[in-house]
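The structure appears below as structure tokens.
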Amino acid sequence: MKKLMIIFSTVLLIAGCVMMTGCVGESPTSNAPADTQAQTNTNEISTATTTEPQYKDKFIMGYGKDPKLKGGKWGIGYFPKTQVLEKLVEYDMKNDEYVPSLAESWEFKDGGKTIVFHLKKGIKFSDGTEFDANAVKFTIDRLIVRNYGLAPEGADVIDKYTVAIHFEKPGFFNLAKMAEFHFGMMAPTSVSPVGDPNGTLITPIGTGPFKVVDYKKDQYSTYEPNMYWYNERGIKPKFKEFVLKVIPDEDTRIMALRSGEVDGITDFVHGGSEYTPRNQLNVLEKEGFKVYKRDIPITWVIAFSYNKEPFNDPELRKAVSLAINRDDIAKVFDNQVRPAWNGMFAPEAPGMAKAGIKYEYNPEKAREILKNKGKEGLKVNIIVDKGQGDQILVAQLLQQQLKNAGFDPQLEILESGAYKEKRNSGNYDMRLYYIGGTDRRFYLRMFWRFYPDGKWNAYESEKVCELRKNILENPKDIDKNNREKDLIAFYKALYDETGVVPLYHDVMTVVTSPKVDAKQDELFEQAEPQFYCVGVRK
């Protein structure tokens, strides 16, 4: 009888604990009261209670750029374009395919000059209004009236959940555009007057996991979970408020993480700037911080002013390539990046591995080229943007490697404004540049970097530009098998002509406090980190 009373008392105690937990408040991620397990042996009864983790209401993320929630030259910033808005399609680089997001299917018409999208039903914007074909048309019309360079020619609503988008040229590139950052679908209620493509942006309203609630330019932006998004997926957020704190200086962001001022820091989601210095990642990990990273198809290269001497000569460009030990460059970044020995793009880019490219390190052969050309001790200048500390270290190493191969390189480390002026005027010999971006920009960068007379071009030649045009605009290359053949030819042409000199393939990173719960596969469902899954343990 006494043992029975002990058991009965224990059960009551456990039940009381569970009830108290429910009264105090469940974790945002808990689906049920705490689990209880009882283990019994002959002499004693012991109980063990497991509860879901409790999370702080607020998550603070340090970030290098203002998110432009009132709009700018390119619309709102890249952070809200990936957390607040969603696109019709997303890009699966592994399979070189575009996959459904807000659209469930599509078909090409007229060689790709028109794409008809069939939309998912039952999707709501964070303000409760419905996502439909009219919202797609509003978004496209707004891109057109704002003169966005990649904007389609127009959009027609076929029915409530079907929309036709029309482009000037045919080809596969039109679908690639629809996964671009700027093609996130925005609710017509985002502007005043409502639904007017020329209207004033009040606040961006999307179907993504975040809902904008507050914003102070160059200081912070505040978001709360879009519960329509979470409920659709059957998950619960681990925060009530997500604050993006703007900290432009990279060292100050790291200090804010160390001091606990922020719970995490992340790279500019566009890629290529405002990132956590790669040579600090191992240091931070040893200090106990959690480091998450993902390989992305962004490659830092040496680009030349190739329309003038000396680098209008492809043999001299090849001499530069032969002088570069890419393994040593990766060491500048504490081997957090990959040396670009096998091509301009990362090996997972479509067709890249099959191209069979291998760059050579041979400073003696570089010296021989210079000697045969009568260019021993060739003086060249390398311009570097002072705002990117990592690139200064890379340029200093390149200077030494080129000197060892018989060049006389001079570094010009310039303020950003002066750097851009020299870059745009062509008043340099060599510069560090990036090609690619996050996955969604793989084909976009191909367009921008190898387009005749393009503003952001890295290299152009008749063969390279013709192949690029084929890949993006020839209707036959909508078929990915045809596209792969042209991609391989494109890579080989760039290699044969030494259009650019690949150095290393970059990454996208997130660094958090040890108290933060996050999963690699959730953070990096896409190339840009998705923060719907993060939480700070109490």
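Numbering starts at 1 and runs along the sequence shown. The basis for the numbers below is simple: all heavy atoms, side chains too, and nothing from hydrogens, waters or symmetry mates.
The ring pair (Phe, Tyr, Trp, His ring centres under 6.0 Å) pairs that include a residue from residues 352-406 are Tyr359-Tyr495, where partners are two or more places apart or lie in different chains. The salt bridge (charged side-chain N to carboxylate O under 4.0 Å, His left out) analysis of residues 298-313, with sequence neighbours excluded, yields the pairs Lys308-Asp429, Asp313-Lys373. Sorted by first then second residue, the ring pair (Phe, Tyr, Trp, His ring centres under 6.0 Å) pairs that include residues 399-437, not counting sequence neighbours, are Trp300-Tyr434. Within the structure, salt bridge (charged side-chain N to carboxylate O under 4.0 Å, His left out) pairs that include any residue of residues 378-401 comprise Lys386-Glu415 (at least two apart or interchain). Among residues at least two apart or in separate chains, salt bridge (charged side-chain N to carboxylate O under 4.0 Å, His left out) pairs with a member in residues 335-354 are Asp295-Arg338, Arg338-Glu348, Lys354-Glu484. Listed by first and then second residue, the salt bridge (charged side-chain N to carboxylate O under 4.0 Å, His left out) pairs that reach into residues 521-534 are Arg440-Glu528, sequence neighbours excluded.
Under the rule for a salt bridge (Lys or Arg N to Asp or Glu O under 4.0 Å), the partners of Asp328 that lie at least two apart in sequence or sit in another chain are Lys331. Taking the ring-ring contact (aromatic ring centres under 6.0 Å, His included) definition, one finds that Phe311 meets it with Phe304, sequence neighbours left out. With sequence neighbours excluded, the residues satisfying side chain to side chain contact (heavy atoms under 4.5 Å, CB included) with Tyr98 are Val89, Tyr91, Trp106, Phe172, Leu175, Ala176, Ala179, Tyr443. Every residue two or more places apart in sequence or in another chain that forms a salt bridge (Lys or Arg N to Asp or Glu O under 4.0 Å) with Lys65 is listed here: Glu274. Taking Glu473 as the reference, Lys169, Arg468, Lys469 meet the side chain to side chain contact (heavy atoms under 4.5 Å, CB included) condition, with sequence neighbours excluded. The ring-ring contact (aromatic ring centres under 6.0 Å, His included) check on Phe242 picks up Phe59, Phe210, Phe239, Phe531, with sequence neighbours excluded.
Crowding of Glu421 atom CD: a count of heavy atoms from other residues, nucleotides or ligands under 6.0 Å not exceeding 12.
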